[in-house]
2 protein chains.
Amino acid sequence: MTDEEFLATYDPHAYAPVAVTVDVVALTIRDGRLCALLVERGESPYAGWRALPGGFVREAETLDSAALRELAEETALRPGEDALDQVHLEQLRTYGDPGRDPRMRVVSVAYLAFAPSLPDPRAGGDASSAFWVPVDEIGELAFDHTAVLADGLDRARSKLEYTPLATAFLSAEFTISELRAVYAAVWGEDLHAGNFHRKVLSVPGFVESTGATAARGGERGGPKARLYRAGDARLLHPALLRPTREEDVR
Amino acid sequence: MTDEEFLATYDPHAYAPVAVTVDVVALTIRDGRLCALLVERGESPYAGWRALPGGFVREAETLDSAALRELAEETALRPGEDALDQVHLEQLRTYGDPGRDPRMRVVSVAYLAFAPSLPDPRAGGDASSAFWVPVDEIGELAFDHTAVLADGLDRARSKLEYTPLATAFLSAEFTISELRAVYAAVWGEDLHAGNFHRKVLSVPGFVESTGATAARGGERGGPKARLYRAGDARLLHPALLRPTREEDVR
DNA sequence: CTCAGTTGTTCTCAGTTCGAGTAATTCTTT
DNA sequence: AAAGAATTACTCGAACTGAGAACAACTGAG
C-alpha cells in the first residue's frame, strides 16, 4: 500500500467504516453423519433464518482467537476444557463483497473447525440457540453463508485426502474402522475396508498403535479392533485419494 | 454474529476503527527463475524496506477487484490488456494480528497471482517503484510480508501438483519443455524430461495439441518442439507429485 | 447355547503408475 | 562437418491400486 493512500484513512472518519467479523464452519460427526453448527437469527436482517455462528473481532484479539472464542460461546464450552482444546481450527477464506450485509460493509474472515463429537448445545441447559444439523439437510442460510459452508465442505473433503485431519473428528484413541467411518461420512461414499486398512497403516506417521484393543467388537458383531492414536505426520505420503470423479475434473 | 454485538458497532465511532487492505503476492518466471513483485516503501513505518504491493479496499469494490486493481497499478498494465487478463488471481489468506501495522488495526486480505512474464515496470517509463525479484534473493520484508510471501510460495508449489495452474505462467501456446521449466523453477528442482512428458500427456485435459510446432529448436540445439495450449481440466488426475521430501511430513 | 450374520484383518491377483535409464532423431552452435 | 543438446519414444523392474476372497472373532436373535 502506498502511504498517501494510508494517510488518507489515518483519520478513521475520512473513509466509510468497515466492520470485521469471523464466521465459523464447525463440523463434527454425529451418528455417522457429517453435521455443521448453525444458529438461528433472532433479528433483522434475515430474522428467523439459520446462519453460521460468528461475531465481531475485538480490539486486542487475533483473528484466530476471535474464531475460537465464537466457537466456545456457541457450543457453551469453556476454553481450557479438553473438548475445546482438541478442536482443529484453520482459516478458510475471507468474504467481503459490498452488499453481503445490507447494513454496512462487513468483511468476514471465515474459519473451518473440525471437532470430535461435542455435546448438544441445547442439552447444556444454556439458552443458546445453536444446534448441529446434518449437512445434507441444510437449506438456504442467511447472508452468503450458503456459499461459505460449501467452501468449507470442499476444503474439508480435500484436506482428508492429504492431511491426517480425519483424526480431529475422533477422540484420542480410535479404531481403523472409526477412522474409515469419518472418511465415509465426509466424502459421502463407502470405502473398501481392506484397502483402507492397508493404506492407513502404510502411510508413515498417520496412526500409531497403542497396543490395546477396543473393549468390544462392532455394533452388530465382529472381533475387537485394535486401537490407534494420531501419529506425528502433518501430510500424508502417499495421500488417500478419493475415487476419481469425472465431474470435478471438468 | 449476534445482533446485540452488531448493534454495538452499528455506530462506526463506537468501536476502534479497522482498516481493510489487500496485499498481492504476484509471481512470474523470468529467465528461468521464480520472481515476486515487490515495491520499495518511501515512508515510515518501514521506510526504505521492501514490501508486497497492496492498498486499501475501496468502498464499492470487491476484494478480488481491489487486488486486481492494485496489481494493475503496480505493474503499470491497464485493465483490458491481454497480459493482465491472463493473470490468475486467487485469495491466499487473511492477516489481522493486532500490532502487525504499528499505526492502527489493519486487516489485510492477501492474494496470490500467477502471471506470464510481464514487462519490467521500470521499463514502462512510469515512475513506479515496483520490480521483480527472484524469490531466493528476497530478504526481510516490511510488516509481516515475509510470512505472507512464504505462505504464497507454499500455496503455489502445492497448487502445481494438482491443478493445471502452471500454464498461467506461460503464454497461450507453449511446449512441454517450457511447462517443465515452470515446474522446475517453482519447485526448485530438476525433473526427468521423459517422465514429465509422459505424465503431462497422460493427464486428461491438462494440455491439448495445437498441431503446430515451435518456430525453432531449443536455445542450444534440439528439434522443434510441438506446441500445446491449456486444456479444460481444473484438476489434475492423476496429480504431478513432487519428489517426496521427508521434512515436509514431519 | 447355538447359529447366522457382521466385522476386523490379512492375502492374493491383475492392472496401472512410477522412477530411472536408454536410444533415435533433429536441430543449433562452433 | 562435428559436437553437443533437446524432444520424444521406449523399456524395465518396483511400487501402488482396486476388487475380491479368506478367515477368525465377535454380536445379537432365537
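Each chain gets a letter, A, B and so on, in the order its sequence line appears, and its residues count up from 1. Excluded from the calculations below are hydrogen atoms, water molecules and symmetry mates; all remaining heavy atoms, backbone and side chain alike, are included.
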Indicate whether any N or O donor in one side chain lies under 3.5 Å from an N or O acceptor in the other, for B/Y95 and B/D151.
yes
Qualifying residues under ring pair (Phe, Tyr, Trp, His ring centres under 6.0 Å), relative to B/F114, sequence neighbours excluded
B/H88, B/F169
Would one find more than 12 heavy atoms of other residues, nucleotides or ligands at under 6.0 Å from atom CG of B/D31?
no
Taking the basic N atoms (NZ, or NE/NH1/NH2) and the acidic carboxylate oxygens, is any pair closer than 4.0 Å for B/E137 and B/R33?
yes
Tell me, yes or no, whether the heavy-atom count around B/R220 atom CZ, taken from other residues, nucleotides or ligands under 6.0 Å, exceeds 12.
no
Covered region of DNA chain D, 5' end to 3' end, by chain B [heavy atoms, under 4.0 Å]:
D/dG4 to D/dT11
Measure the CG-CG distance between A/L71 and A/L84 for me, rounded to the nearest 0.5 Å.
6.0 Å
Over its full length, what angle do the end axes of the helix from C/dC1-D/dG30 to C/dT30-D/dA1 make, each axis taken from five pairs and the result rounded to 10 degrees?
20°
Does atom CG (A/D85) have a neighbourhood of more than 12 heavy atoms from anything else shown, all under 6.0 Å?
yes
In this structure, which one of A/I138, A/L34, A/V25 forms a side chain to side chain contact (heavy atoms under 4.5 Å, CB included) with A/L153?
A/L34
Ranking A/P223 and B/K224 by the position along DNA chain D of their nearest nucleotide, the one closer to 5' is B/K224
Listed by chain and number, what are the salt bridge (Lys or Arg N to Asp or Glu O under 4.0 Å) partners of B/E161, not counting sequence neighbours?
B/R242
Can you name the residues that form a side-chain hydrogen bond (donor to acceptor under 3.5 Å, both in side chains) with B/Q86, not counting sequence neighbours?
none
Identify, residue by residue, the members of residues 189-203 of chain B with a heavy atom below 4.0 Å from DNA chain C, and return them in order of residue number, or none.
B/H192, B/N195, B/R198, B/K199
Looking at DNA chain D, which of residues 176-184 of chain B put a heavy atom within less than 4.0 Å of it?
B/S177, B/R180
Steps toward side-chain contact (heavy atoms from CB on, under 4.5 Å) verdict (A/R30, A/T28):
CA-CA 7 Å; A/R30 319 186 105 209; A/T28 197; 3.7 Å; yes
Can you see which heavy atom on A/P204 is nearest to which on A/A233, and at what distance?
O-CB, 3.6 Å
Can you tell if the side chain of A/L52 reaches within under 4.5 Å of the side chain of A/V24, non-hydrogen atoms only?
no
Pairs of donor and acceptor atoms involving the side chains of residues 189-201 of chain B, under 3.5 Å and at least two apart or interchain, shall be tabulated with distances.
| from | atom 1 | to | atom 2 | distance (Å) |
| --- | --- | --- | --- | --- |
| B/H192 | ND1 | B/G194 | N | 3.2 |
| B/H192 | ND1 | B/N195 | N | 3.0 |
| B/N195 | OD1 | B/R198 | NH2 | 3.1 |

Just do the side-chain contact (heavy atoms from CB on, under 4.5 Å) check on B/V182 and B/I29 with the steps written out, would you?
CA-CA 7 Å; B/V182 169; B/I29 292 174; 3.8 Å; yes
Going by heavy atoms closer than 4.0 Å, what residues in residues 167-175 of chain A are next to DNA chain D?
none
5'-most contact on DNA chain C: A/L227 or A/G222, nearest heavy atom basis?
A/G222
Tabulate below the donor-acceptor pairs under 3.5 Å that side-chain atoms of residues 207-215 of chain B make, not counting sequence neighbours, or state none.
| from | atom 1 | to | atom 2 | distance (Å) |
| --- | --- | --- | --- | --- |
| B/E208 | OE2 | B/R229 | NE | 3.1 |
| B/S209 | OG | B/G211 | N | 3.1 |
| B/T210 | OG1 | B/A212 | N | 3.2 |
| B/T210 | OG1 | B/L227 | O | 3.2 |

On DNA chain C, which is the earliest and which the latest nucleotide, 5' to 3', with an atom closer than 4.0 Å to a heavy atom of chain B?
C/dC18 to C/dT29
Residue list, side-chain contact (heavy atoms from CB on, under 4.5 Å) with A/T62, at least two apart or on another chain:
A/D64, A/S65, B/D97, B/P98
